[in-house]
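For ligands, and for the atoms within them, numbers begin at 1 and follow the listed sequence.
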Amino acid sequence: MIPVNSPLLDGDESRYLQECIATGWLSAEGGFVEQFEREFAARVGRAHGVAVSSGTAALDVAVAALGLGPGDEVIVPTFTIISCVAAILRAGATPIFVDSDARTWNMNVDQIEPLLNRRTRAIMPVHTYGLPVDMEPLLKLAGDHGLHVIEDAAEAHGLQYRGEPCGSFGDISTFSFYANKLVTTGEGGMVLTDDPAIAERCRSLRNLCFGSGRRFVHEELGWNYRMSNLQAAVGVAQLKQLDRFIRLKRAMGQRYSDRLGSLAAITLQPARTEHAENGYWVYGVVLEDHVPLDAAEAMRRLAERGIGTRPFFWPMHEQPVLKRLGFSDGNARPVSERLARRGFYLPSGLGLSQAEIDTVCDEVCALLADFGIRT
Ligand SMILES: Cc1ncc(COP(=O)(O)O)c(C=O)c1O
């Protein structure tokens with residue numbers, strides 16, 4: 001089986017982990033946490049980094065740190081992971097879902113303005129699958145209307161939009177270091193900001209809001225979302241490899257596209273837009289409507305052929321839990337609905353060899369040929 005993801009841990013990861021064990025520093029108090037925060041923030045050009053236990057935790061902390069709450073609306077892509085929406089809902093705010101752009105699969109920035117009203121407080125763009133969102137018009141809208149921007153850059157480590165690092169935009173940005181991310185700590189995340197007061201608030205929220213007064217006396221509620229020294233040790237080692245990882249992902253994207261780019265049966269995310277180059281965090285494909293298979297069936301058949309895949313996101317406005325809670329307005333978002341039903345991604349791990357990519361392409365072509373589709 002060619003796995004859908006496999007990390008590369010061939011740098012200083014073991015050595016730094018050994019150091020944690022040798023010194024006995026395992027918890028969040030260890031020195032690697034602060035080092036990882038400093039080095040990751042510097043890489044993205046932000047003043048402050050607050051390491052947390054996951055990308056989901058980072059979103060919770062970001063939304064809470066900005067003081068979003070009941071009565072506030074947050075504009076968010078419908079085609080994303082539920083972590084974005086869960087953070088908004090847990091704060092008591094209301095998510096407003098925007099459909100995807102058919103070409104980039106990112107939030108359709110042109111659809112934001114009509115949704116703004118006096119309750120709108122923030123926009124949460126998500127760089128989907130390694131292709132940066134068109135941030136400039138979004139930031140202009142946010143500036144004109146006094147809105148916060150929470151940039152979810154979980155899938156955009158080391159990428160750039162108009163020459164500026166993804167994760168450097170808006171009031172606050174969030175990252176995930178889950179095992180399939182470019183920089184991984186196994187589980188982990190980070191909040192970045194340039195605002196010292198927001199950073200301080202994030203630090204407090206991730207650590208149960210222990211105040212500066214007597215320990216165990218709390219003025220507010222927070223979470224234990226701390227990152228351990230073990231995780232951060234891996235993160236410091238991984239971050240040193242980020243440029244290499246980006247090159248590997250782009251080479252993977254190029255090799256897949258050389259084989260699959262000309263197939264009329266599938267559409268791909270663009271290799272570049274006017275403002276950004278795709279980092280191919282994952283390599284997604286969308287089956288054209290004339291292909292007599294949906295994504296679920298294609299994935300099942302590829303698994304039989306030894307190819308690991310993952311489905312695309314399922315739109316937030318179609319989520320059973322959000323419908324039950326009354327946060328789905330019943331309106332269609334046709335682009336995301338189609339992406340969810342026709343799209344999936346192919347093996348995309350950093351450990352993937354060129355021969356494996358070729359095997360994946362052979363199997364995709366053979367599957368299509370089974371249905372009489374010329375490749
Ligand atoms: C865009 C995006 N945001 C948030 C998350 C949540 O991160 P985590 O899995 O670390 O909680 C992910 C995870 O895959 C993601 O892709």
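- Taking every non-hydrogen atom of Ser83 and a distance limit under 4.0 Å, the qualifying atoms of ligand 1 come out as 6 (C).
- Screening Arg338, Arg341, Arg333 against Glu318 for a salt bridge (Lys or Arg N to Asp or Glu O under 4.0 Å) leaves a single residue, Arg341.
- Considering backbone and side-chain atoms together, Tyr178 places no N or O closer than 3.5 Å to any N or O of ligand 1.
- Contacts with ligand 1 closer than 4.0 Å are made by no heavy atom of His127, backbone or side chain.
- With Gln269 contributing its side chain and Thr128 its backbone, the two residues share a donor-acceptor pair below 3.5 Å.
- Of the N and O atoms on the side chains of Glu13 and Gln238, at least one donor lies less than 3.5 Å from an acceptor on the other residue.
- Between Trp281 and ligand 1, a contact under 3.5 Å exists for no N or O pair.
- Pairs passing the side-chain hydrogen bond (donor to acceptor under 3.5 Å, both in side chains) check and including a residue from residues 77-101, sequence neighbours excluded, read Thr56-Ser83, Thr78-His317, Asp99-Ser336, Asp101-Thr104.
- Checked by atom type, the side-chain pair Asp258/Gln254 shows a donor-acceptor distance below 3.5 Å.
- Screening Tyr345, Phe344, Tyr256 against Tyr283 for a ring-ring contact (aromatic ring centres under 6.0 Å, His included) leaves a single residue, Tyr256.
- Closest heavy-atom approach to atom 5 (C) of ligand 1 among the candidates Leu59, Ile81, Asp60: Ile81.
- Summarising the geometry of Glu288 relative to Arg342, their closest heavy-atom pair is O-NH2, 2.7 Å, with the distance given to 0.1 Å.
- The backbone N or O of Gly186 lies less than 3.5 Å from no partner atom in the side chain of Gln231, so there is not a single donor-acceptor pair.
- Of the heavy atoms in Asp152, only side-chain atoms (C-beta onward) come closer than 4.0 Å to ligand 1.
- At the shortest separation from atom 13 (C) of ligand 1 among protein heavy atoms lies Lys181 NZ, 3.1 Å.
- Heavy-atom contacts of Ala154 reach the following atoms of ligand 1: 1 (C), 2 (C), 3 (N), 15 (C) (cutoff under 4.0 Å).
- Close approach of ligand 1 to Gly188 is summarised as follows: ligand atoms under 4.0 Å from at least one heavy atom of the residue are 10 (O).
- Residue His157 forms a ring-ring contact (aromatic ring centres under 6.0 Å, His included) with just one option from Phe245, Trp281, Tyr178, Phe177, and that option is Phe177.
- Taking the six-membered ring for Trp and thresholds of 30 and 60 degrees, Tyr16 and Phe32 have ring planes inclined between 30 and 60 degrees apart.
- Between the choices Gly186, Ala156, Ser176, the shortest heavy-atom distance to atom 7 (O) of ligand 1 belongs to Ser176.
- A tilted orientation is assigned to the rings of Phe312 and Tyr129, their planes being inclined by 30° to 60°.
- Heavy atoms of Ser54 found under 4.0 angstrom from ligand 1 belong to the backbone as well as the side chain.
- For a threshold of 3.5 Å applied to N or O pairs, the pair formed by Thr56 and ligand 1 contains at least one separation below that value.
- Using a non-hydrogen distance threshold of 4.0 Å, Ala57 does not register as a contact of ligand 1.
- The distance criterion of under 3.5 Å between nitrogen or oxygen atoms is not met by Phe177 with respect to ligand 1.
- Of the protein's non-hydrogen atoms, the one nearest atom 8 (P) of ligand 1 is Gly55 N, 3.4 Å.
- Taking atom 16 (O) of ligand 1 as the reference point, the nearest protein heavy-atom neighbour is Glu155 OE2, 2.5 Å.
- In the vicinity of Val126, heavy-atom distances shorter than 4.0 Å reach the ligand 1 atoms 1 (C).
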